[in-house]
Protein chains: 2
Amino acid sequence: MNPQRRGEETRSHILRAAEECFARYGYDATGVAEICRRAGVTKGAFYHHFPSKQAVFLELLDRWLATLDAQFAAVRAGAKDIPEALLRMAGMVGRIFEEEGGRLPMFLEFWSKAAHDPMVWQATISPYRRYRAFFTGMVEAGIAEGTLHSVDPEVAAGAIVSLAVGLVMQGLMDPQGADWGEVAQEGVRILLEGLKSREKE
Amino acid sequence: MNPQRRGEETRSHILRAAEECFARYGYDATGVAEICRRAGVTKGAFYHHFPSKQAVFLELLDRWLATLDAQFAAVRAGAKDIPEALLRMAGMVGRIFEEEGGRLPMFLEFWSKAAHDPMVWQATISPYRRYRAFFTGMVEAGIAEGTLHSVDPEVAAGAIVSLAVGLVMQGLMDPQGADWGEVAQEGVRILLEGLKSREKE
DNA sequence: AAAATCATACCAACCGGTCGGTATACAAGG
DNA sequence: CCTTGTATACCGACCGGTTGGTATGATTTT
């Protein structure tokens, strides 16, 4: 087989195995040996493709953030209206929890690692701020188009992101505790109710 | 000195040192030796007072949850109105971030540990569910007293807790990224705006 | 043969936890 | 008051096991 192709495959095998382990056991509790075992590869191959365990983690982080980017952009582009866009995003939550709930624990892993590791923090914080800016832009657009009433867009965006982050966290910790898809849907609806422009209070 | 009193002091020294280390470096990255160094005791003393490193962690968790309990109950009791109670709780956020911001990273540590460790999960999830129930009760009370319009109390409570959790998370990751106290205040205000009872939309 | 890819064997460091032993306080008995 | 006994608090060297990472050789492809 083509060696480059072969190399790429082992690489992705390692990535997939690492993702699974990190999500299931956590970063520290996952040994390189275990990753290799699951990937059907030896340590030699592992350290041929990645300089360190952390490098694998960071690449996983990058990829995850990239998919988030794409999803957000797609939803916004497909909606005619800011409220509609937000509601659709909320609607995605339920589906996400069902379909790739297995990959979600990585989110927590990223977050908690970033709190202590400067490199991970660097890699996390900048995309995160982009998301905040993204939602700020949405709120501004909503105000401009007249569907939202005048509020500080940054603050409103902060609240929206808080809702999202909190939703993911709770869904991770207590999946059976509630229908998180519904909570997301309804939470955004309530938030929108408070944001929608209307004559007077 | 009284030996029992002395014992209690070393015990609390260990607890304080461990809290600091866990918050700064994370649970796994913190060695028992480091905790002992900061506490000014030896390993012998450590394992005399605690059966394991995890036991220290769990005790820290218990204490933290107990203070949360007290604060919530106090605020609710002191408010004449559900919306007022929620707004006051939001107002506490800024103060909390300033005053004991140093202890907050433990929150993340608890959360991420709970995701992988059944014992920690057990210790975390039950108080957490109490909080959800607490807020559910508040929403129900708000509906009963007529200040909130009729919504599913469980769902609304889920949204409120999400906002809170997300707020803490963001404040932890990006303290300078925003005035989280203000975001909390305004976020709850918006949420309340969507929850308040009014004639017609 | 040169380069890329992977396997095997191995290491040095670290870490949670143990253990034999010491020091101090205190109560009882003489 | 002094001795003896005992429980608590504490010390610090040490151990078994694990882990991230490395060194080196084999194999395959071009």
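In what follows, chains are A, B, ... by sequence order, proteins preceding strands, each numbered from 1. Quantities reported herein were computed from a predicted structural model and do not represent experimental measurements.
- By the 6.0 Å and 45° rule, A:K53 does not stack over the aromatic ring of A:F22.
- Atom-to-atom, CZ of A:R11 to P of C:dA4 comes out at 15 Å; the value is rounded to the nearest Å.
- At the phosphate of C:dC6, OP1 or OP2 sits under 4.0 Å from a side-chain N or O atom of A:T10.
- Listed pair A:H49 / C:dC6 meets the phosphate criterion, a side-chain N or O lying under 4.0 Å from OP1 or OP2.
- Proximity note for A:Y47 (side chain, C-beta onward) versus C:dA7, D:dT22, D:dC11: the nearest is D:dT22.
- Distance CD (A:E9) to C1' (C:dC6): 14 Å, rounded to an integer number of Å.
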**Message:** Before you tell me yes or no, could you show the steps for B:R129 and A:D174 under side chain to side chain contact (heavy atoms under 4.5 Å, CB included), namely the whole-Å CA-CA distance, both residues' side-chain angles and the distance that decides it to 0.1 Å?
**Reply:** CA-CA 9 Å; B:R129 282 181 175 156; A:D174 196 8; 2.7 Å; yes
**Request:** Go through A:E20 and A:R16 one step at a time and tell me if the salt bridge (charged side-chain N to carboxylate O under 4.0 Å, His left out) criterion holds.
**Result:** CA-CA 6 Å; A:E20 213 179 302; A:R16 228 191 313 275; over 6 Å; no
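- Of the charged side-chain nitrogens involved, at least one lies within less than 4.0 Å of a carboxylate oxygen, so that A:E34 and A:R37 count as a salt-bridged pair.
- Using a 4.0 Å heavy-atom criterion, one finds that A:G44 contacts the bases of the nucleic acid, with or without backbone contacts as well.
- Atoms CG (B:D28) and P (C:dC14) sit 17 Å apart, rounded to a whole Å.
- At whole-Å resolution of the value, CZ in B:F46 and C1' in C:dC19 are 17 Å apart.
- Under 3.5 Å, the side chains of A:S52 and A:Q54 contain no donor-acceptor pair of N or O atoms.
- Contact annotation for B:K43: base contact, defined as any heavy-atom pair under 4.0 Å involving a base atom.
- Atom C1' of nucleotide D:dG21 and atom CZ of A:F50 are separated by 16 Å, given to the nearest angstrom.
- The side chain of B:K53 approaches C:dG16 more closely than any other nucleotide in the set D:dT22, C:dC6, C:dG16.
- Close to C:dC6, at under 4.0 Å from its OP1 or OP2, lies no side-chain N or O of A:H48.
- A straight line from CZ of B:F57 to P of C:dG16 spans 14 Å, rounded to a whole angstrom.
- When rounded to the nearest whole Å, the span between OH of A:Y25 and P of D:dT18 equals 16 Å.
- Atoms CZ (A:R37) and C1' (C:dT8) sit 18 Å apart, rounded to a whole Å.
- Considering only side-chain atoms of B:A45, the nucleotide from C:dG16, C:dC6, D:dC11 that sits closest is D:dC11.
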